[in-house]
Each structure stands twice: as structure tokens, then as C-alpha cells.
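Letters A, B, ... are given to chains in the order of the sequence lines, protein chains preceding strands, and every chain is numbered from 1.
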Amino acid sequence: MSDLITPQTLKGFRDYLPTAMMARERLMEIARQVYRSYGFSPIDTPALEYANILLGKGGEESDKQLFRFIDSGERDVALRFDLTVPFARFTAEHLSEIGIPFKRYHLGTVWRGEKPQKGRYREFMQCDFDTIGTTSNAADIETLLVIHDLLVKIGFERFTVRVNNRMVLNGLLEKIGLIGQTSGVLRALDKLAKIGRDAVIAEMTDKVGTTPEQAAQVLDLASLTGSNTDILNRLEALLEGSEVGLQGVARLRELCAVSQAAGIPEERVQLDVSIARGLDYYTGTIYETFLTDMPGIGSICSGGRYDNLAGLFTKEKLPGVGASLGLDRLLAAMEELGLVDQTSTPAQVLIACFEAERLGDYCRIGRVLRQAGVGVEIFPDAKKVGQQLKYADRKGFRLALIAGSNEFAKGVWQVKDLKAMQQTEVAEADLVTHIQAALAK
RNA sequence: GUGGCUAUAGCUCAGUUGGUUAGAGCGCCAGAUUGUGGAUCUGGAGGUCGCGGGUUCAAGCCCCGUUAGCCACCCCA
């Protein structure tokens with residue numbers, strides 16, 4: 001008896017209470033809706049994979065963060081680090097069944113053995129969507145539209161999707177003779193906003209081994225500011241002679257034009273040549289999404305175009321483009337911003353237990369309402385009405401139904417609107433329509 | 001993975017240079033003429049001071065370890 005086990009979760013792993021879980025489920029629901037509305041189909045893959053499937057796909061950094069162990073059958077296994085690598089394996093394995101182009105979405109938990117911080121956990125959910133089997137810029141543009149619609153549907157107005165294209169960066173690096181040091185240069189470049197121009201130049205010359213002139217040239221390109229068209233025009237001039245670079249610019253130009261034609265507000269799409277992040281496998285368009293009111297939490301939806309998704313698993317070359325919504329990070333931001341609804345009940349109507357011997361009537365009406373699509377909970381004990389109402393209020397119910405012998409004698413119910421603090425007497429025959437109308441408000 | 005900060009009631013915190021039964025606000029529970037909730041009043045429950053060692057006559061307070069959270073780096077959702 002004295003040896004109680006301390007109830008605790010692992011570092012970076014969390015429990016979700018009803019309030020948080022309601023918000024999570026709502027986000028998942030929205031992600032599904034938006035993805036499906038663009039024609040992405042759902043798939044799922046196992047949480048655990050053979051370690052060699054996952055190793056070496058995102059650079060050595062991600063290998064170190066893998067939760068890896070030997071299972072009881074001596075298999076070397078690991079928990080998935082993201083949803084993209086399992087998707088690559090999935091594609092290689094099922095290509096003949098799915099055909100191309102193929103659009104899928106995948107909501108799933110992933111695991112990374114990182115040092116946790118706010119918005120960074122060891123277990124978190126990603127909501128991925130990808131289009132594979134086409135190099136068309138239409139898919140790149142659609143990816144942007146999906147990200148945009150997703151955030152709007154969640155309820156955000158103030159956010160920007162920063163867009164860049166690796167071809168632009170590669171074009172420049174090729175032009176100034178840094179093609180071998182791409183990843184080092186990009187890593188340094190990516191810190192521009194954080195550490196400033198001089199520090200970036202220092203890192204490029206000291207660590208990466210560029211000349212100061214080369215570093216300055218990279219910086220000149222990356223610090224372009226102004227409207228998207230300004231940036232595009234100046235990029236075009238800077239990249240003259242570089243075929244890849246210009247192709248990248250042309251793709252970005254089309255992306256800006258088309259997304260605007262499709263009705264995306266211009267200020268939500270921002271060309272930013274300094275964003276270079278993303279896993280090594282990105283080769284084209286890159287996306288990162290930031291909340292205007294909470295930039296510190298980092299990108300909440302990132303992705304990009306890649307040339308060859310499943311090159312390690314099949315000889316078939318599969319180009320694609322996609323992005324991933326970091327659901328738990330987004331939720332951490334929303335909590336911080338006070339955007340998480342405090343409701344902890346999924347039902348909207350509470351039937352108070354006024355007289356225990358009337359349980360039959362309460363259950364009967366409960367079922368009638370449920371069949372009409374209204375979630376109903378019946379309070380289990382005949383406690384004081386005040387306490388029952390307090391419970392209803394705290395849990396976030398919208399309506400409370402109260403009926404005792406007076407009401408049953410008259411064939412009516414008291415319908416109490418808990419937010420408006422108003423009570424209406426409604427004949428039982430009109431109850432369903434009345435409640436539906438009240439909830440629709 | 002490296003470095004730093006923090007850890008006292010469900011939550012936010014106070015706790016004097018180590019000194020007797022550890023406090024507050026909010027929340028929770030129960031009452032304030034036994035058919036109705038967010039206000040007020042009254043009362044109550046709830047803490048082996050994250051956990052384990054050590055120093056001391058004496059530790060919430062000092063030292064070591066450990067676990068967790070947060071911050072920076074790294075990386076990223």
C-alpha cells in the first residue's frame with residue numbers, strides 16, 4: 001500500500017484534458033475537411049517502422065532524435081519521426097495500387113527525442129498533405145491555397161505564408177561558385193532574422209569557407225525586401241544567366257499571380273528569399289507559416305517541393321509537393337493567445353435531474369433530441385438544481401432542460417439558455433424545433 | 001545532445017540572515033426560508049514544500065544527485 005507509483009508522464013509527453021482535447025479534435029476535423037475539399041484522400045501507416053526505413057532520411061540530426069529500440073523479436077525498430085518518410089515507403093510499396101498523380105492527407109502522431117520547450121514536444125501530431133507524381137506548378141500553388149484555407153477555417157486572419165524556392169537559391173549559389181557548400185550556406189542564411197547580417201557573413205566565411213564577397217552576394221539576394229513583384233523583378237536581374245534560378249523565379253511569379261487571382265489576399269503571401277529551412281530533400285518551392293501575433297513559436301505549417309520522394313525505396317522517380325500542419329504547436333500558440341474555447345463537454349444540452357423517479361422521461365426526451373442530432377447529457381443525481389446548473393455552466397453547456405411535476409402536469413419543459421440567462425417554457429411537442437433554433441444562434 | 005533558470009495547495013504565488021503546529025488570492029465542497037447557475041457572506045476539505053541523499057541541535061530555505069517544466073544553442077511542427 002505504501003509503494004504508490006508516482007503518476008507522471010515522460011519528458012515531452014503530455015496528457016490532454018477534455019478542454020485541450022476538444023480543441024485538438026476540432027483542429028483535426030477542420031484539417032480533414034479542408035484537405036478533403038481539395039481532393040486529398042486519407043491514409044494511415046504504422047507508428048513503428050524498421051529502423052532502416054527511417055534512418056538517414058533527414059540528415060544525421062534526425063537520426064539522433066529517433067526513438068529507436070530492439071523489439072522482443074530482435075528487430076531493430078523506431079517510431080516514425082515524421083509522416084513524410086513513412087509516406088515514401090508507403091508509396092514505393094503501393095504505387096501500382098494508388099496510381100499517379102496521388103493526393104493524400106495523413107493525420108498522425110510522430111515522435112522526436114528532442115529537448116522539449118514550449119510548442120516543442122517529443123510526441124506531437126502532424127497533419128500532412130502531399131501531391132505526388134506531378135511537377136506542375138499547379139500543385140505547388142494548390143499547396144499554398146490549402147495552407148491558407150486551413151488557417152482561415154481555423155479562425156486566423158493575421159498570418160503570413162512565407163514562400164521561397166530552392167531553385168532561386170541554388171541558381172545564385174551556382175552563379176557565385178558555392179554550389180558545393182549549399183547546405184552550410186543555407187543554414188547560416190536562415191539565421192539572418194535572428195543574428196543579423198554581420199554574424200551571418202562571419203559564419204559563412206569562418207565555418208562554411210566562403211569568401212567575404214561571396215557571402216555578401218548571398219546576403220544581398222536574401223535581404224531583398226519590398227512587394228512581391230519588386231522582389232521578383234530584382235531577383236530576375238540578379239539571376240540573369242542562371243537557368244535554374246530564373247526557372248525558380250518564374251514559378252514564384254506564377255504562384256503569386258495565380259494565388260491572387262484565386263482570391264488569396266496578397267499580404268498573406270510573402271516572398272522571402274532568406275527562408276531556406278526545411279529538410280534537405282526540398283528542391284523547389286518552400287513554405288513556412290507564421291502567426292502575426294505569435295511569431296516566436298515558429299512555423300506552424302511548413303513544407304515544400306521535392307524531386308524524388310521515394311528514391312531510396314524504388315527506382316520510380318516521384319516528384320511531389322506538400323506541407324505539414326503542426327497541430328500541437330499551433331494549439332500551444334492558440335492557448336497562449338487565449339483562442340482555445342474553454343468548453344469541456346461535447347454535448348450542448350444538459351437535462352437536470354429534478355426528480356429521480358422521472359428518469360424515464362428524462363431519458364426519453366434525451367433520445368428524441370439525440371435522434372434530432374443534438375448532444376444531450378442527463379445529470380445523474382437529483383442534487384439541488386442550483387448545483388446542477390453550476391455544473392452545466394462550468395462545463396460549457398449551452399442549454400439546460402428542467403422539468404418537475406408542475407411541468408409534467410402541463411406537458412412542458414423549462415428551457416434555460418445558460419449564456420443569455422433566460423428561461424422559456426416550451427411545450428414538449430415544440431421542444432425539438434425550439435432547441436434546434438436556440439442552438440443555431 | 002550542450003549550457004542556463006525554475007520546482008511550495010487544483011491554479012497564480014508569498015514564505016524574512018536555516019529556528020516551534022507552512023500562508024494568501026482564485027478555484028473546489030457545504031450552508032445562508034428545501035424548484036434554478038456566473039455577485040455577496042459564513043464554514044470546510046486540500047500540501048510528507050517535485051523526488052532521493054547530505055550538512056546541521058534544527059532545512060521549504062544550504063550542498064549533491066535525480067525527475068520535470070521553461071529559456072538559449074542545435075534542429076524543427
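Taking only distance into account, the side chain of Arg112(A) never meets the base of rC75(B) through a donor-acceptor pair shorter than 3.5 Å. Judged by atom type and distance alone, Gln423(A) does not reach the base of rG35(B) through any side-chain donor-acceptor pair under 3.5 Å. Side-chain to base pairing of Arg120(A) with rC75(B): one donor and one acceptor N or O lie within less than 3.5 Å of each other. Within 3.5 Å, no donor on the side chain of Gln387(A) pairs with an acceptor on the base of rU36(B), nor the reverse.
Separating the CD atom of Gln126(A) from the C1' atom of rC76(B) is a distance of 9 Å, rounded to the nearest angstrom. The distance between atom CG of Leu10(A) and atom P of rG50(B), rounded to the nearest whole Å, is 21 Å. A straight line from CZ of Arg329(A) to C1' of rA77(B) spans 5 Å, rounded to a whole angstrom. To the nearest angstrom, P of rC28(B) lies 10 Å from CG of Asp393(A). Regarding Glu425(A), its CD atom lies at a distance of 13 Å from the C1' atom of rG35(B), rounded to whole Å.
Searching all strands for a Watson-Crick or G-U wobble partner of rC57(B) with both distances below 3.5 Å returns rG19(B). rC73(B) and rG1(B) make up a base pair, with Watson-Crick or G-U wobble contacts both under 3.5 Å. Using N1 to N3 plus N6-O4 or O6-N4 for Watson-Crick, or N1-O2 and O6-N3 for G-U wobble, each under 3.5 Å, rA39(B) pairs with nothing. The partner of rU12(B) is rA24(B), by the rule that a Watson-Crick or G-U pair needs both atom distances under 3.5 Å. In this structure, rG47(B) makes no Watson-Crick or G-U wobble pair, since no nucleotide meets both defining distances under 3.5 angstrom.
Tyr38(A) has its side chain within reach of Asp149(A): a pair of non-hydrogen atoms, C-beta onward, lies under 4.5 Å apart.
If you check every strand for non-hydrogen atoms under 4.0 Å, Ile402(A) touches a base. Residue-level contact check: Leu418(A) touches the bases, meaning some heavy atom is under 4.0 Å from a base atom. Among the atoms of the strands shown, none is found under 4.0 Å from any heavy atom of Met125(A). Across all strands, Glu355(A) comes closer than 4.0 Å to no nucleic acid atom at all (heavy-atom distances). Residue-level contact check: Gly119(A) touches the bases, meaning some heavy atom is under 4.0 Å from a base atom. Heavy atoms of Gly12(A) sit under 4.0 angstrom from primed sugar atoms or phosphate atoms, though from no base atom. If you check every strand for non-hydrogen atoms under 4.0 Å, Phe354(A) touches a base. Heavy atoms of Asp128(A) sit nowhere under 4.0 angstrom from any nucleic acid atom. At the heavy-atom level, Lys395(A) lies nowhere under 4.0 Å from the strands shown.
Side-chain contact check for Glu123(A) and Thr109(A): no donor-acceptor pair (N or O, by modelled atom type) lies under 3.5 Å.
Proximity note for Leu389(A) (side chain, C-beta onward) versus rU36(B), rG38(B), rC74(B): the nearest is rU36(B).
Side chain of Tyr35(A) to backbone of Cys127(A): a donor-acceptor contact under 3.5 angstrom is found.
Between Lys11(A) and rA68(B) there is a side-chain polar atom (N or O) within less than 4.0 angstrom of OP1 or OP2. In terms of phosphate contacts, Arg394(A) brings a side-chain nitrogen or oxygen within less than 4.0 Å of OP1 or OP2 of rC28(B). A sub-4.0 Å separation between OP1 or OP2 of rA32(B) and a side-chain N or O of Lys384(A) is present.
Using atom P as the reference point in both rU40(B) and rG4(B), the two lie 47 Å apart (nearest Å). For rG52(B) and rA77(B), the C1' atoms lie 36 Å apart once the distance is rounded to whole Å. The same atom, P, is picked in rG1(B) and in rG19(B); the two are 38 Å apart, to the nearest Å.
Here Phe124(A) lies parallel enough and close enough to stack on the base of rA77(B), with planes under 30° and ring centres under 5.5 Å apart.
The residue among Arg14(A) and Glu407(A) whose nearest nucleotide of RNA chain B lies closer to the 5′ end is Glu407(A).
When the shell of 6.0 Å around CZ of Arg370(A) is examined, it contains more than 12 heavy atoms from other residues, nucleotides or ligands.
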